[in-house]
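For ligands, and for the atoms within them, numbers begin at 1 and follow the listed sequence.
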Amino acid sequence: GLVPWLFNTQLLGEKLKERFGLSDVIVVPGNTDQDLFAQEDLSRAGAEYLRKILYPGCIVAVTGGTTLAGVAKMIREGVDARDIFVVPARGGLGEEVETQAGNIAAKIARAIGAQYRLLHIPDSLEASTAEALKKDIHISEVVKTIRSADILIHGIGPAEEMAYRRGLSPAEVDFLQKNDARGEALRYYFDKDGKIIFEIPGIGIEIDDFTHIGTKVAVAGGSSKAAAIEAVLRSGQENVLITDEGAAQKIIYGK
Ligand code: BG6
């Protein structure tokens, strides 16, 4: 019935909040690995949460991925967003068009009536190329906006899957395995203690920026992401988690 089901998600939310020192946790029912309705619920919860925390003049940075694409699909207007900026957290031409951060930023901006700025550069670069591009005047303007984001909303992925999606080299994959990489967020790979063990050079938000971004919201669900979510949360850098029962149950009870 409805009551025990609500109770379970709320209880899981409280436990996650306490365990990882988060200010807010939302757990939607079901497991997005298997359930399309749960996927929609997760997207809607992410979209509603984001809309709730927007304020005039804020800068919102978003990542790519299927989860954030879902959030972009669900978000509705409702705030005065004329002087809100939505930007990709990092350059992101590495994925399918629908799941690129820039595309998602533009979609969210259009839906809420905000402005957006894009970074037309790939998300995986050689370190020397990234350094050279950062000096470009047009790029550095956008990067300045991105790095002064007030709100960051991002996905989390399993380390192995993300390494594959980002086309890492066999040597890099080997390194990640040897160092027990569990989760990935914003091109950073985290081990089970939340330590960053590997980073893909890119342009945009860097881990040092985390300390001055007021609200960091991770949106990730599915029991298959439990270990990844836990790894990223252990870094102690997040404020808010929006997840599902499948992931929450596995993180809290191990199944
Ligand atoms: C990426 C984010 O775009 O989405 C990553 O930059 C995240 O940090 C990934 O791991 C998750 O993707 P998905 O498709 O599982 O939502």
Compute the shortest N/O to N/O distance between Thr99 and ligand 1 and return yes if it is under 3.5 Å, no if not. no

Going by the 4.0 angstrom heavy-atom rule, the piece of Gln100 near ligand 1 is neither

For Arg165, the ligand 1 atoms whose distance to one of its heavy atoms is below 4.0 Å: 12 (O), 13 (P), 14 (O), 15 (O)

Heteroatom proximity flag, Leu68 to ligand 1, N/O under 3.5 Å: no

Closest contact, heavy atoms only, Glu245 versus Gly30: OE1-N, 2.9 Å

Taking only heavy atoms of Lys225 into account, list the atoms of ligand 1 that are under 4.0 Å away from them. 13 (P), 15 (O), 16 (O)

Side chain, backbone, both or neither: Ile156 near ligand 1, heavy atoms under 4.0 Å: backbone

Within the 4.5 Å heavy-atom criterion, are Tyr188 and Gln237 side-chain neighbours or not? no

Gly157: numbered ligand 1 atoms lying under 4.0 Å from its heavy atoms: 7 (C), 10 (O)

Side chains of Asn239 and Thr215: is there a donor and an acceptor less than 3.5 Å apart? no

If we set the cut-off at 4.0 Å for heavy atoms, which region of His154 has an atom near ligand 1: side chain, backbone, both, or neither? neither

Taking non-hydrogen atoms only, is Thr66 closer than 4.0 angstrom to ligand 1 via side chain, backbone, both or neither? both

Can a donor-acceptor pair be found between the side chains of Asp244 and Thr32 at a distance below 3.5 Å? yes

Does a donor on one side chain sit under 3.5 Å from an acceptor on the other, for Tyr189 and Asn179? no

Once you restrict to heavy atoms under 4.0 Å, what part of Arg90 touches ligand 1? Side chain, backbone, both or neither. neither

Quick one: does Ser140's side chain have a donor or acceptor within less than 3.5 Å of a partner on Lys134's backbone? no

Between Arg76 and Glu48 (salt bridge meaning N to carboxylate O under 4.0 Å), is one present in this structure? no

Closest heavy-atom pair, Ile197 versus Phe175, reported as atoms and distance to 0.1 Å, is O-CE2, 3.3 Å

Work out whether the distance between some heavy atom of Arg187 and some atom of ligand 1 is less than 4.0 Å. yes

Arg166, portion touching ligand 1 at heavy-atom distance under 4.0 Å: side chain

Are any of the N or O atoms of Met162 closer than 3.5 Å to those of ligand 1? no

Non-hydrogen atoms of Ala114 and Val86 that approach each other most closely: CB-CG2, 4.1 Å

